[in-house]
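Everything below concerns the one structure shown next.
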Amino acid sequence: MQHFYFDHNATTPVSPAVLASMSECLAEVYGNASSIHYFGQAAKQRLETARRQVSAMLQCQPKEIAFTSGGTEADNLAILGTVRHSRRSTKHVITTAIEHPAVLNTCTQLEREGVVVAYLPVGASGVIDPDDVRRAIRSDTVLVTIMHANNEIGTIQPLAEISKITREAGVLFHSDGVQAPGRLDLDMKSLGVDLYSLSAHKFHGPKGTGALFVRDHTPISAVMFGGHHERERRPGTENVPGAVALGTAATSIGELPTANLRDRLESGILQNIPNVEVNAARSERLANTTNICFRGIEGEALVIALDLKGYAVSSGSACSSGAVEPSHVLTAIGLSAEDARSSIRFSLGRRNTAEQVDGLINAVSESVAHLRRIAPRAFYVHA
Ligand SMILES: *Cc1c(COP(=O)(O)O)cnc(C)c1O
C-alpha cells in the first residue's frame, strides 16, 4: 500500500540538499568549534556559514542567531531567559490561550516562580486583537509572547501591529515562529519582534536543531549553565552538523506556497460530506493548513481509519491518562469539547499533488460515512 503524508505541521521530510550538507559535515568536519587548531577552525567556519544563512532568512545580523536543540528549547530560552533576567520586584507576562505547549508550559513554570501570566483569549477568529495586548500591558509587564502562526488551525497573528504596541510600551516581544519558514515572510525588522524561535524539522531539516533570534542588546540570561558558547546565551559544544542542516534548510525555503491544494481539499470535503465545518475558516491562515470538524465522529477514530487507507493526518487532541483531552486551541476558539474531539488537522507540503488530495477526499468521505454508520453520535458523548 502507498502512504501519503498530510501532517507537515507535525514534522517534514529532510530535503536532499539538507541531507547532503549535513552528512558531509558529520563525516568530514569533526572538530570542536571551540578548538583553535585547524580542525576546530574548520568546524567554526561551518557554524558561522550556517549562522549567516539563518540570519539571511530572517533578515537580521548573524550575531543575533543563537543555535538551540529545537523549537522547544528556543521558546524556553526566550521566555525564561528574558523574564529571569529582569530584576523587577513583580513581573508580568502576556501570552495567548492558543500557544504551543513549549510556550504555555514555560509560562506555567514562570507562574510557579511567582510571575503573573495573562493568557489572552482569541475568540472565534483564532486571531489576537492587538488592542487586547495594549490593554493587558501593565507597568510591570516584562514580556509579550505570541506565536506567528498556529500549528493546529494555521491562523496568523498580526505581529507587526503588536510589536508597535510593545515597542511603545518598552516591553520585550517574543514570537514562536516555528510554523512560519517557507510559509510566511520572515523579516525581523518589519515584524518588529525582539526574539523569534525556529525549529529545523518543521521546514525540511532534521529534528533536534533550531535557533533563537535575539535582537542585538536584548537583555537575556542563559537558562542552562556551562561554557561560553553562543555569546553566553546557550552553553554546550555546538551541534555543527545540526546547525549546517538548519542553514541549508534556511537557504532552500523558496517561494511562498499558494493555497490551491488546501482549498481543493477543503471544498472537496465540504461538497462531499454533510455536517462538517472548517475551523477558523474566515481568518488569515497558513496556505498549507486546514482544521475540519466532522460532527459525530471521534477524531482519533478518523485518524486511524485514514491511516489504514494510507493517509497520515492528525487530530489536535492529546491522549493523557487514557482520556482524550480536547485541543486547547479549538476550545479557545469556542468549539465545544465534543466538536474539538471531532476535528482533524490536514497540513500539506511541497510534495503533495492534486491526485493525492483527490484520493484523500475520497478516503475521508468513505471513512466518515463508515464511522457515522457504525457509531451513532450519542456513543461519543462522554459526559
Ligand atoms: C513543533 C513546534 C514547536 C516545538 O519545536 P521542536 O523543535 O519540536 O521542539 C514549538 N512551537 C510550534 C508552533 C511548533 O509547531
Side-chain angles (χ1 to χ4, degrees), residues 5-14 18 22 54 57-58 65-81 95-109 119 122 126-128 145-157 159 173-184 186 191 193 195-213 223-224 234 236 239 241-243 245-247 249-250 253 280 285-291 312-318 327-330 332-333 345-349:
Y5 191 71
F6 284 89
D7 199 15
H8 292 82
N9 290 12
T11 196
T12 56
V14 171
V18 168
M22 187 184 189
V54 176
M57 176 175 76
L58 299 184
I65 299 299
F67 290 114
T68 69
S69 65
T72 299
E73 192 195 328
D75 286 340
N76 273 260
L77 174 56
I79 297 167
L80 298 178
T95 188
T96 80
I98 62 165
E99 298 298 312
H100 188 274
V103 167
L104 284 179
N105 291 330
T106 304
C107 288
T108 310
Q109 173 57 28
Y119 299 87
V122 289
V127 178
I128 285 286
T145 173
I146 296 178
M147 70 200 320
H148 197 175
N150 184 269
N151 45 303
E152 290 188 37
I153 55 176
T155 52
I156 299 164
Q157 304 303 331
L159 297 190
F173 185 24
H174 165 249
S175 185
D176 176 338
V178 170
Q179 290 292 340
R183 300 172 181 169
L184 296 173
L186 300 176
L191 292 178
V193 294
L195 306 117
Y196 193 84
S197 302
L198 295 175
S199 173
H201 77 92
K202 301 293 173 79
F203 62 110
H204 303 284
K207 283 105 185 129
T209 173
L212 180 66
F213 160 74
V223 299
M224 296 195 295
R234 202 280 188 173
N239 173 7
L246 180 68
I253 52 175
R285 289 180 294 149
L286 292 174
N288 80 313
T289 306
T290 184
N291 191 302
V313 303
S314 142
S315 70
S317 47
S327 148
H328 69 285
V329 174
L330 297 178
I333 63 169
R345 176 185 72 190
F346 305 88
S347 48
L348 287 78

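Start at 1 and go down the list; that is how both ligands and their atoms are numbered. Residue numbers start at 1 and run along the sequence shown.
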Which ligand 1 atoms does [X] reach within 4.0 Å, using its non-hydrogen atoms?
X    : value
H201 : 6 (P), 7 (O), 8 (O)
G70  : 7 (O)
Q179 : 15 (O)

Should [X] be counted as touching ligand 1, given the test is an N or O pair under 3.5 Å?
X    : answer
D176 : yes
G71  : yes
T72  : yes

N/O donor-acceptor pair under 3.5 Å between [X] side chain and [Y] backbone:
X    : Y    : value
S347 : N9   : yes
T11  : K202 : no
S197 : G177 : no
H204 : P13  : yes

Legend entry - Region of E73 that comes within reach of ligand 1 [heavy atoms, distance under 4.0 Å]: neither
Inset, instruction - Please work out whether any backbone atom (N, CA, C, O) or any side-chain heavy atom from C-beta onward of K202 is under 4.0 Å from ligand 1, and answer side chain, backbone, both or neither. - result: side chain
Inset, instruction - Step by step, work out the side chain to side chain contact (heavy atoms under 4.5 Å, CB included) result for F6 and S314. - result: CA-CA 8 Å; F6 284 89; S314 142; over 6 Å; no
Legend entry - NE2-CD1 distance between H328 and I98, expressed to the nearest 0.5 angstrom: 8.0 Å
Legend entry - N105 CG to E99 CD distance, which is reported to the nearest 0.5 Å: 11.5 Å
Legend entry - atom 7 (O) of ligand 1: the protein heavy-atom neighbour that sits closest, reported with distance to 0.1 Å: S199 OG, 2.6 Å
